[in-house]
Q: 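Input: one structure, supplied below.
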Amino acid sequence: MLATTLLCLVVGISDGDTLTARCGQPGAYEQVKVRIHAIDAPERKQPFGNRSRESLSDLCFQQQARIQHQDTDRYGRTVASVECRGKDVAQHQVSTGMAWVYVKYAKGRSDLFALEKQAQQAGAGLWSDPSPVAPWDWRRSTKVR
C-alpha cells in the first residue's frame with residue numbers, strides 16, 4: 001500500500017517531534033496532529049526541550065508541509081515523514097542535535113544514524129550536554145517518581 005501524501009499548513013508546534021497541520025480544501029479543513037516518524041525529541045521540561053520545539057517551529061510553523069502518512073500511534077496521532085521548506089524534518093532535527101533517532105521506530109530511515117553520529121561528534125544541540133538523557137529514558141524515570 002502506498003503512503004498518502006498531503007500538502008498542509010502547519011498551524012501549531014507541540015514539541016520537537018510533534019506538530020499540528022491544517023489539511024484539505026478551504027471550508028473543509030481538517031486539523032491533523034502529526035508525530036514525526038523515526039525521531040524522538042526532548043520533552044518540554046527536559047534539557048533542550050524548548051530549543052528543540054523552537055527548531056521545529058523555525059522550520060515549519062506557518063509553512064506548507066508535505067506530510068507522508070506512515071502509521072497512527074496509540075494516541076491517535078498521524079505518524080508521518082514531514083517536509084517543510086524542502087527539508088526533511090527528521091533529518092533536520094537529528095542533524096542539528098534537536099532529536100534522537102528513535103531506533104525502535106526508525107525502520108527504513110538508516111540515513112538518520114549517520115546524521116546523529118555527526119551531530120554527536122560535533123557536540124551539536126543536546127549533544128553539548130555531557131550526559132544527555134534520551135526522551136524514552138527520561139519519560140520512564142519521571143513516571144517512577
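Sequence positions, counted from 1, serve as the residue numbers for this chain. The analysis underlying the following values was restricted to heavy atoms, covering all of them including side chains, and did not include hydrogens, waters or symmetry mates. Since we're looking at a predicted model, the values are computed, not measured.
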Q: Are Met98 and Val94 linked, directly or through intermediate hydrophobic residues, by side-chain heavy-atom contacts shorter than 4.5 Å (ILVMFWY only)?
A: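 They do not share one cluster, since no chain of ILVMFWY contacts under 4.5 Å joins Val94 to Met98.
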Q: Ring pair (Phe, Tyr, Trp, His ring centres under 6.0 Å) with Tyr102: which residues, sequence neighbours excluded?
A: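 So Tyr102 forms a ring pair (Phe, Tyr, Trp, His ring centres under 6.0 Å) with Tyr105, Trp136.
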Q: Using a 3.5 Å distance criterion without hydrogens, assess whether the side chain of Ser95 forms a donor-acceptor pair with backbone atoms of His92.
A: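 Judged by distance alone, yes, a pair lies under 3.5 Å.
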Q: Taking all non-hydrogen atoms of both residues into account, name the closest pair between Ala65 and Val10 and its distance.
A: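 Taking every non-hydrogen atom into account, CB-CG2, 3.6 Å.
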Q: Would you give the length of the straight line joining atom OG of Ser81 to atom CD1 of Ile39, rounded to the nearest 0.5 angstrom?
A: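 So the OG of Ser81 and the CD1 of Ile39 are separated by 10.0 Å.
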Q: Among Arg53, Lys33, Arg44, exactly one meets side chain to side chain donor-acceptor pair (under 3.5 Å) together with Ser14. Which residue is that?
A: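 Exactly one pass, corresponding to Lys33.
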Q: Does Arg139 come within less than 4.0 Å of Glu43, counting only side-chain N to carboxylate O?
A: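 Salt bridge flag = yes for Glu43 with Arg139.
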Q: Compare every heavy atom of Leu6 with every heavy atom of Cys8, then report the nearest pair and how far apart it is.
A: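 Heavy atoms only, the tightest pair is SG-CB, 3.6 Å.
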Q: Contact between Pro135 and Trp100 at the side-chain level, heavy atoms closer than 4.5 Å - yes or no?
A: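 The answer is yes, as the side chains (C-beta and beyond) meet within the 4.5 Å cut-off.
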Q: Decide if atom CD of Gln62 counts as having more than 12 heavy atoms of other residues, nucleotides or ligands within a radius under 6.0 Å.
A: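 More than 12 within 6.0 Å, yes.
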Q: Any side-chain donor paired with an acceptor under 3.5 Å for Thr142 and Lys45?
A: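 The answer is no; no qualifying pair exists.
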Q: Could you tell me if the side chain of Arg85 sits less than 4.5 Å from the side chain of Leu59, heavy atoms only?
A: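 The answer is yes, as the side chains (C-beta and beyond) meet within the 4.5 Å cut-off.
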Q: Is there a path of hydrophobic side-chain contacts, each under 4.5 Å between heavy atoms of I, L, V, M, F, W or Y residues, that connects Ile36 with Phe113?
A: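 Cluster IDs for Ile36 and Phe113 match.
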Q: Under 3.5 Å, side chain of Ser55 to main-chain N/O of Arg51, donor-acceptor pair present?
A: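 Side chain of Ser55 to backbone of Arg51: no pair is present.
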Q: Between OG1 of Thr96 and CD of Gln118, what distance do you get to the nearest 0.5 Å?
A: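 Rounded to the nearest 0.5 Å, the OG1-CD separation comes out at 12.5 Å.
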Q: With distance as the sole test, does Gln120 use its side chain to make a donor-acceptor pair with the main-chain N or O of Gly97 at under 3.5 Å?
A: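 Checking the backbone N and O of Gly97 against the side chain of Gln120, no donor-acceptor pair under 3.5 Å is found.
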Q: Hey, does Thr5 have a side-chain heavy atom less than 4.5 Å from the side chain of Arg66?
A: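 A side-chain contact exists here, since the closest heavy-atom pair is under 4.5 Å.
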Q: Output every pair passing salt bridge (Lys or Arg N to Asp or Glu O under 4.0 Å) with a member in residues 111-122, not counting sequence neighbours, ordered by first then second residue.
A: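 Output for this query lists Arg109-Asp111.
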Q: Answer yes or no: is there a side-chain heavy-atom contact under 4.5 Å between Asp129 and Ser131?
A: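 A side-chain contact under 4.5 Å exists here.
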Q: Check whether Gln64 reaches the backbone of Leu7 with its side chain - one donor and one acceptor, N or O, closer than 3.5 Å.
A: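 Not at all, since once roles are kept as given, no pair shorter than 3.5 Å links the two residues.
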Q: Mind checking the CG-CD spacing from Leu9 to Gln31? Nearest 0.5 Å is all I need.
A: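 Separation between the atoms: 9.5 Å.
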Q: Between Glu83 and Asp88, is there a side-chain heavy-atom distance shorter than 4.5 Å?
A: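 Answer no - side chains too far apart.
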Q: Is it true that a side-chain atom of Asp17 and a backbone atom of Ala41 form a donor plus acceptor pair closer than 3.5 Å?
A: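 Yes: the side chain of Asp17 pairs with the backbone of Ala41.
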Q: Checking side chain to side chain contact (heavy atoms under 4.5 Å, CB included) against Thr72, which of Arg74, His69, Gln70 comes through?
A: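 Passing option: His69.
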Q: Decide whether Ile67 and Leu56 are clustered together by the hydrophobic rule: side chain heavy atoms of Ile, Leu, Val, Met, Phe, Trp, Tyr closer than 4.5 Å, transitively.
A: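 Yes: a chain of side-chain contacts under 4.5 Å links Ile67 to Leu56.
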Q: Check for me, please, whether Val34 and Phe61 land in the same ILVMFWY cluster - side-chain distances under 4.5 Å, paths through other members count.
A: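 Yes: a chain of side-chain contacts under 4.5 Å links Val34 to Phe61.
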Q: Under 3.5 Å, is there a donor-acceptor pair between the side chain of Ser128 and the main chain of Gly125?
A: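 The answer is yes, because a donor-acceptor pair under 3.5 Å joins these two groups.
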Q: Hydrophobic clusters here meaning ILVMFWY residues chained together by side-chain heavy-atom distances under 4.5 Å, can you tell me if Phe48 and Ile13 are in one?
A: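 Looking at the clustering, Ile13 is in a separate group from Phe48.
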Q: Can you tell me which residue among Asp40, Asp73, Thr78 is in a side chain to side chain donor-acceptor pair (under 3.5 Å) with Arg35?
A: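 Exactly one option meets the side chain to side chain donor-acceptor pair (under 3.5 Å) with Arg35, and it is Asp40.
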Q: With a 4.5 Å limit on heavy-atom distance, are the side chains of Pro42 and Trp138 in contact?
A: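 No. Closest side-chain heavy atoms not under 4.5 Å.
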Q: Begin with the C-alpha distance, continue with both residues' side-chain angles, and end with the deciding distance and a verdict on side-chain contact (heavy atoms from CB on, under 4.5 Å) for Thr20 and Val32.
A: CA-CA 6 Å; Thr20 302; Val32 181; over 6 Å; no
